[in-house]
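Please read the structure below before turning to the comments.
For clarity, every value in this text was computed on a predicted model and none was experimentally measured.
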Amino acid sequence: MRKVVIGSRRSNLAMTQTRWVIDQLNELNLPYEFEIKEIVTKGDQILDVTLSKVGGKGLFVKEIEKAMYDGEIDMAVHSMKDLPSEMAEGLVIGAVPDRVDPRDAFISNSGEKLMELPPGSIVGTSSLRRSAQVLASRPDLEIQWIRGNIDTRLRKCREENFDAIILAAAGLERVGWTKEKDLVTEYLDPETCLPAVGQGALGIECRADDEDLLQLLDKINHPDTARTVSAERSFLHTVEGGCQVPIGGYAVLQEDGQVSLTALVGSPDGKIIFKENIVGQDPIAIGKEVAEKMLNQGAKEVLDKVKAELDQ
Ligand SMILES: NCc1[nH]cc(CCC(=O)O)c1CC(=O)O
């Protein structure tokens, strides 16, 4: 019997995702037991600044990775979209389980959909990807930053000066909020709001040399999800370089077995949107190809400008 220690942030979503993975692993009936170790990250302590200004998504991940190097924990369950496109040395994604709903959920206080909101309505999000796409279809709306975990954002939407907020459907679904009837006003289709790279999928990280654990994790890997997400991450890897920028990427598997990847780069005000679709057999190759095409078309200048503004 091996005891596997799983590091998790304390948030409801992180804990729920970690427990879900433990359930999947327990169902295999193999000689392993699992223990959760809570890790408080810097990202959880900084609440009042735009996330992109304090070091981006990597912030949540780094301290968990340190605990893994130190042997304090053996693995961690991440929302795939929070994982930087390049893994830290010595660590790997051991499994990508089946993806849940990748879409963004639009929640308005009045019950009006995105295209129905009156001009000047305030939409809360702290994602440049969401703001770019909302403003592209509704330039007459106002975006205001909103931070905090899912429960905090839902409370702020009701109590503070917001008319609507946008959250990932996956997060709402995992913590059980979608059971609440009429909470979600509208699920935004990927044509309106292309999801973040990896949205709705989990990535389970462990040490690259932990062959025993890698063998176990492979049993809950979902090859189709792993394949489509790898196309999205290959795109992210080629365009980016760490910063939190207005980028979206969503890939699906076609019936003929090919991967169809749609990728987006925009300016935060939604005035410039680059969007491309590419179909191919090799996910890494198509991710790279679509990224290079968009960078050459002018996406590079847009991204450089956003990064320069974030650095100020
Ligand atoms: N940025 C935080 C974050 N990271 C993962 C999810 C939701 C779950 C997922 O997309 O897998 C969320 C919340 C949100 O964006 O609304």
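- Residues forming a salt bridge (Lys or Arg N to Asp or Glu O under 4.0 Å) with E186 (at least two apart in sequence, or on another chain): none.
- Judged by distance alone, the side chains of T228 and D224 never bring a donor and an acceptor atom under 3.5 Å apart.
- Residues F106 and V184 have side chains not in contact (no heavy-atom distance under 4.5 Å, counting atoms from C-beta outward).
- Proximity of a side-chain donor or acceptor of N221 to a complementary backbone N or O of V96 within less than 3.5 Å is detected.
- In plain terms, the two heavy atoms of T238 and L295 that are nearest each other are O-CD1, 3.9 Å.
- Considering every non-hydrogen atom in both I6 and V77, the closest pair reads CG2-CG2, 4.3 Å.
- A salt bridge does not link R19 to D23: none of the charged nitrogens lies less than 4.0 Å from a carboxylate oxygen.
- Side-chain contact check for D163 and S108: no donor-acceptor pair (N or O, by modelled atom type) lies under 3.5 Å.
- Under a hydrophobic clustering in which Ile, Leu, Val, Met, Phe, Trp and Tyr are joined whenever their side-chain heavy atoms come within less than 4.5 Å, directly or via other members, L253 and Y250 fall into different clusters.
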Residues 112-119, side-chain donor-acceptor partners within the protein, below 3.5 Å, at least two apart:
residue, atom, partner, partner atom, Å
E112, OE1, S110, OG, 2.6
E116, OE1, K113, N, 2.9

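- Within 6.0 Å of NZ in K66 there are 12 or fewer heavy atoms belonging to other residues, nucleotides or ligands.
- Annotation: salt bridge (charged side-chain N to carboxylate O under 4.0 Å, His left out) contacts involving residues 86-104, sequence neighbours excluded, comprise R99-E232, D101-R103, D104-R129, D104-R130.
- Contact check for T262 versus V252: no side-chain heavy atoms found under the 4.5 Å cut-off.
- With respect to the salt-bridge test (charged N to carboxylate O, under 4.0 angstrom), the residues R155 and E159 qualify.
- For E211, the CD atom counts as loosely surrounded, since its 6.0 Å shell holds 12 or fewer non-hydrogen atoms of other residues, nucleotides or ligands.
- With sequence neighbours excluded, the residues forming a side chain to side chain donor-acceptor pair (under 3.5 Å) with T192 are D189, listed by chain and number.
- Of the possible polar contacts, one joining the Q199 side chain to the P102 backbone as a donor-acceptor pair under 3.5 Å is found.
- At a threshold of 4.5 Å between non-hydrogen side-chain atoms, the residues V245 and V302 do not count as touching.
- Between G7 and I39, the shortest heavy-atom distance links the atoms CA-CD1, 4.2 Å.
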Using atom types as modelled, flag every donor-acceptor pair under 3.5 Å from a side chain in residues 201-208 to any protein atom, sequence neighbours excluded.
residue, atom, partner, partner atom, Å
E205, OE1, H78, NE2, 2.7
R207, NH1, M68, O, 2.6
R207, NH1, I73, O, 3.0
R207, NH2, D74, OD1, 2.9

Throw together a table of side-chain donor-acceptor distances under 3.5 angstrom for residues 213-220, partners on residues two or more places apart or in other chains.
none

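- A salt bridge does not link E301 with K305: every distance from a Lys NZ or Arg NE/NH1/NH2 to an Asp or Glu carboxylate oxygen is 4.0 Å or more.
- With respect to E33 and K3, no salt bridge is recorded, no charged nitrogen being found less than 4.0 Å from a carboxylate O.
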Step by step, work out the side chain to side chain donor-acceptor pair (under 3.5 Å) result for Y32 and D212. CA-CA 11 Å; Y32 292 86; D212 175 69; 2.8 Å; yes
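- With hydrogens and angles disregarded, a donor-acceptor distance shorter than 3.5 Å links the side chain of T125 to the backbone of S127.
- Note: the hydrophobic cluster containing V175 does not contain M15 (ILVMFWY, side chain heavy atoms under 4.5 Å, direct or indirect links).
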